[in-house]
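Here's the structure we're looking at; comments come further down.
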Amino acid sequence: MNDHMTNDLGWMLDEAVRMPEASHAILLSSDGMLRAHSQGIGRDEAERQAAALSGLQSISRSTAEFCAEENTPWQQTLVEFADGYVFLVAAGQGAYLAVSATAEVDMEAVTYRMQKLVDRLGKELTSPPRLGSSA
């Protein structure tokens, strides 16, 4: 199966990075499977990042009681590096949207665009849990 056939939602993710200083976008499931990626990142790298970001989301979710109640729903994780950021947001049941950007990006604009994309795509960004999965 070629990349075009397995990356049907990729063109929608390209919209999330059509802004100054935004780099890549990937859509992943809660079990770390890549659902789609933007043009600027290869499939192998996107798959590796999807697995890592799934773990990051799980760790973030497990720290909820540090902020509020243990069962408070996770919504977003932001990781800052010397040269940029990784934004990770909930994108429906069992699906997450991640965007990477340089340090000069307008952070508010990125999160706004990500939320608009999640809102607009609704069902298409929902990844139902696989049988036997706890997430």
Side-chain angles (χ1 to χ4, degrees):
M1 192 178 292
N2 67 31
D3 195 44
H4 170 73
M5 293 183 74
T6 61
N7 195 33
D8 291 338
L9 301 175
W11 68 272
M12 292 184 242
L13 299 183
D14 291 338
E15 293 180 19
V17 294
R18 280 197 187 108
M19 61 183 313
E21 307 303 325
S23 304
H24 309 297
I26 61 173
L27 176 65
L28 60 137
S29 63
S30 61
D31 58 0
M33 301 300 295
L34 178 66
R35 295 273 318 274
H37 60 90
S38 60
Q39 282 185 348
I41 186 170
R43 180 163 189 84
D44 289 345
E45 178 63 12
E47 286 179 346
R48 187 176 75 78
Q49 294 300 330
L53 289 163
S54 173
L56 177 63
Q57 187 281 333
S58 179
I59 290 169
S60 297
R61 190 178 65 225
S62 70
T63 60
E65 64 188 51
F66 185 65
C67 175
E69 296 179 23
E70 183 177 353
N71 294 331
T72 193
W74 171 86
Q75 294 179 321
Q76 176 175 304
T77 298
L78 171 68
V79 181
E80 181 178 4
F81 298 94
D83 295 328
Y85 301 96
V86 173
F87 302 82
L88 181 62
V89 300
Q93 180 181 352
Y96 313 116
L97 175 62
V99 171
S100 64
T102 71
E104 289 77 35
V105 76
D106 179 342
M107 294 171 59
E108 186 176 346
V110 171
T111 56
Y112 176 79
R113 185 167 289 201
M114 290 174 76
Q115 288 301 325
K116 284 299 191 187
L117 181 59
V118 168
D119 290 345
R120 193 181 96 220
L121 297 176
K123 286 184 178 181
E124 292 195 59
L125 287 182
T126 301
S127 178
R130 292 198 284 178
L131 296 176
S133 175
S134 61

Taking everything shown except Gln39 itself, do over 12 heavy atoms lie less than 6.0 Å from its CD?
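At most 12 heavy atoms, drawn from other residues, nucleotides or ligands, come within 6.0 Å of this atom.
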Any chance you could lay out the side chain to side chain contact (heavy atoms under 4.5 Å, CB included) test for Leu53 and Tyr96, step after step, and finish with the verdict?
CA-CA 9 Å; Leu53 289 163; Tyr96 313 116; over 6 Å; no
Heavy-atom pair with the smallest gap, counting every atom of [X] and [Y]:
X     : Y      : result
Ser38 : Val17  : CB-CG2, 4.2 Å
Ala16 : Leu117 : CB-CD2, 3.8 Å
Ser30 : Ser54  : O-OG, 2.6 Å
Leu88 : Trp74  : O-CZ2, 3.5 Å
Leu27 : Ala95  : CD1-CB, 4.4 Å
Met19 : Ala109 : CE-CB, 3.3 Å

From [atom1] ([X]) to [atom2] ([Y]), nearest 0.5 Å:
X      : Y      : atom1 : atom2 : value
His24  : His37  : NE2   : NE2   : 11.5 Å
Asp83  : Glu104 : CG    : CD    : 8.5 Å
Lys116 : Glu15  : NZ    : CD    : 13.5 Å
Leu28  : Leu97  : CG    : CG    : 8.5 Å
Asn7   : Leu13  : CG    : CG    : 7.0 Å
Asp106 : Glu21  : CG    : CD    : 10.5 Å

Transitively linked via ILVMFWY side-chain contacts under 4.5 Å: [X] with [Y]?
X      : Y      : answer
Val89  : Met107 : yes
Tyr112 : Met114 : no
Ile41  : Phe81  : yes

Counting N and O atoms only, with roles assigned by atom type, does the side chain of Arg113 sit under 3.5 Å from a partner on the main chain of Arg18, one being a donor and the other an acceptor?
yes
